[in-house]
Number of protein chains: 2
Amino acid sequence: MFTIAQAARRAGCPASTIRYYERVRLLPSARRGTNDYRYYEVADIERLAFVNRARQLGFSIDAVADLLRLADHPHSPCDGVDTLIATQLHSVEKRIRQLQTLAARLRQLQSACDGEHPIRECGILAALSDTRWNEA
Amino acid sequence: MFTIAQAARRAGCPASTIRYYERVRLLPSARRGTNDYRYYEVADIERLAFVNRARQLGFSIDAVADLLRLADHPHSPCDGVDTLIATQLHSVEKRIRQLQTLAARLRQLQSACDGEHPIRECGILAALSDTRWNEA
DNA sequence: TCTTGACTTTGAAGTTACTTCAAGGTTGAT
DNA sequence: ATCAACCTTGAAGTAACTTCAAAGTCAAGA
Ligand SMILES: [Zn+2]
Ligand SMILES: [Zn+2]
Ligand SMILES: [Zn+2]
Ligand SMILES: [Zn+2]
């Protein structure tokens, strides 16, 4: 039996996050003591840790809820799980490509200035102010 | 002289965004007609386009405000601009590295399952449920 | 026993950068 | 006159939390 702070330490997240997960029904309502404190068993903490691992993989709260539902039906086929992972991987890969485009543009901007001029002659601001920006 | 929708079309963002930028003081209050409509000049629209380009580069609202302040002082040295660009580039590169780690983990998870088993035997959920996760 | 500090509770508001909505006024064309 | 397409405002919704205030609880030391 653990208090919320102990559960938080074991699962590796703040206590406020546990309360939040309960509020949005990602986790079931915790058992309460006579003092109204929440108390957790090892199994509860494992479920919480599962949630944290999935969140660290970038899954949304809704997707984590899907994963939990799937994990709760051991006899169903697992293709739903595989689909969730694949979808998440695609979205991460897409975001990486977007950010790489961004980084390339920022490096291009950087090369437009050596940092030794008055702003009026700065190639960076000139580029940012250029109406033909989108052609580049 | 352009209405807000015309300015939005020219600058390439929704009208609601222009109102928002005005509300948070990223842009000065627009001139108003007797009907209380906002009206914009070409210079206003260029400033708005500058903002949109900077936002597309991933700069926060605050950073864009910094860029605008710098652009408004043509006689100052431009090293402040260069610093902002470098900082933004670093944060984009950092985010890319984080996402690449994520993608690698997701691919590793994917390889733990061929999608043809009942969930009880799914390597993905087994990995997500594994307390030794962090060692991997 | 008393006190102190660390813990717990709740609901509400703050965060980021917008978007969406409701309710109502204006414009321009047919 | 009427109609669509504008415009106005303030408030609320979005994602996933975090922070805060006010108040109750617990354990340990003096
Ligand atoms: Zn320069
Ligand atoms: Zn420069
Ligand atoms: Zn499998
Ligand atoms: Zn599987």
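Since this is a predicted model, take the numbers as computed values, not measurements. Every chain is numbered from 1 and lettered A, B, ... according to where its sequence line falls, protein lines coming before strand lines.
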Nearest-Å distance, [atom1] ([X]) to [atom2] ([N])?
{"X": "A:Ile4", "N": "D:dT18", "atom1": "CD1", "atom2": "C1'", "result": "14 Å"}
{"X": "A:Leu26", "N": "D:dA16", "atom1": "CG", "atom2": "C1'", "result": "11 Å"}
{"X": "A:Ile18", "N": "D:dT18", "atom1": "CD1", "atom2": "C1'", "result": "14 Å"}
{"X": "B:Tyr40", "N": "D:dT8", "atom1": "OH", "atom2": "C1'", "result": "12 Å"}
{"X": "A:Met1", "N": "C:dT8", "atom1": "CE", "atom2": "C1'", "result": "15 Å"}
{"X": "B:Asp36", "N": "C:dG24", "atom1": "CG", "atom2": "P", "result": "17 Å"}
{"X": "A:Tyr20", "N": "C:dG11", "atom1": "OH", "atom2": "P", "result": "16 Å"}
{"X": "B:Glu22", "N": "C:dA17", "atom1": "CD", "atom2": "C1'", "result": "16 Å"}

Note: A:Leu89 and B:Ala103 closest approach over all heavy atoms is CD1-O, 3.7 Å
More than 12 non-hydrogen atoms from neighbouring residues, nucleotides or ligands closer than 6.0 Å to CZ on A:Arg10, yes or no? no
Checklist entry - Does atom CZ of A:Arg25 have more than 12 heavy-atom neighbours from other groups under 6.0 Å away? => result no
| said: Between A:Gln98 and A:Thr101, is the side chain to side chain contact (heavy atoms under 4.5 Å, CB included) condition met? List the steps. | reply: CA-CA 5 Å; A:Gln98 289 172 344; A:Thr101 303; 5.8 Å; no
Item checked: Carboxylate-amine/guanidinium proximity below 4.0 Å for A:Asp72 and A:Arg47 -> yes
query = Charged N to carboxylate O under 4.0 angstrom, A:Arg69 versus A:Asp66?
reply = yes
Rounded to the nearest 0.5 Å, the CD atom of A:Glu22 sits from the OG atom of A:Ser29 at a distance of 4.5 Å
Here the gap from B:Leu99 atom CG to A:Gln100 atom CD, rounded to the nearest 0.5 Å, amounts to 10.0 Å
The correct set of residues in residues 43-64 of chain B placing a heavy atom under 4.0 Å from DNA chain C is B:Arg55, B:Ser60, B:Ile61
Ranking C:dC18, D:dT9, C:dT8 by distance to the side chain of B:Tyr21, first place goes to C:dC18
B:Arg23 has its side chain closest, among C:dT9, C:dC18, C:dC7, to C:dC18
Exercise for review: Please determine if a side-chain N or O atom of B:Thr17 lies less than 4.0 Å away from the OP1 or OP2 oxygen of C:dC18.
Suggested key: no
_Membership question, hydrophobic clusters at under 4.5 Å side-chain separation (ILVMFWY): are B:Leu27 and B:Tyr37 in the same one?_
no
Just call it for [X]: base, sugar-phosphate, or nothing, with non-hydrogen atoms closer than 4.0 Å on any strand.
{"X": "B:Arg38", "value": "sugar-phosphate"}
{"X": "A:Arg32", "value": "sugar-phosphate"}
{"X": "B:Ser16", "value": "base"}

Identify the pairs formed between an N or O of the protein and an N or O of nucleotides 21-26 of chain D at a distance under 3.5 Å, and give each distance.
residue	atom	partner	partner atom	Å
D:dG24	N2	A:Tyr37	OH	2.9
D:dT25	O4'	A:Tyr37	OH	3.3
D:dC26	OP1	A:Asn35	ND2	2.9

(Q) Between A:Glu46 and B:Ser129 (side chain of the first, backbone of the second, donor and acceptor by atom type, cut-off under 3.5 Å), is there such a pair? (A) no
The residue, A:Arg9 or B:Pro14, whose nearest nucleotide of DNA chain C is more 5′ is A:Arg9
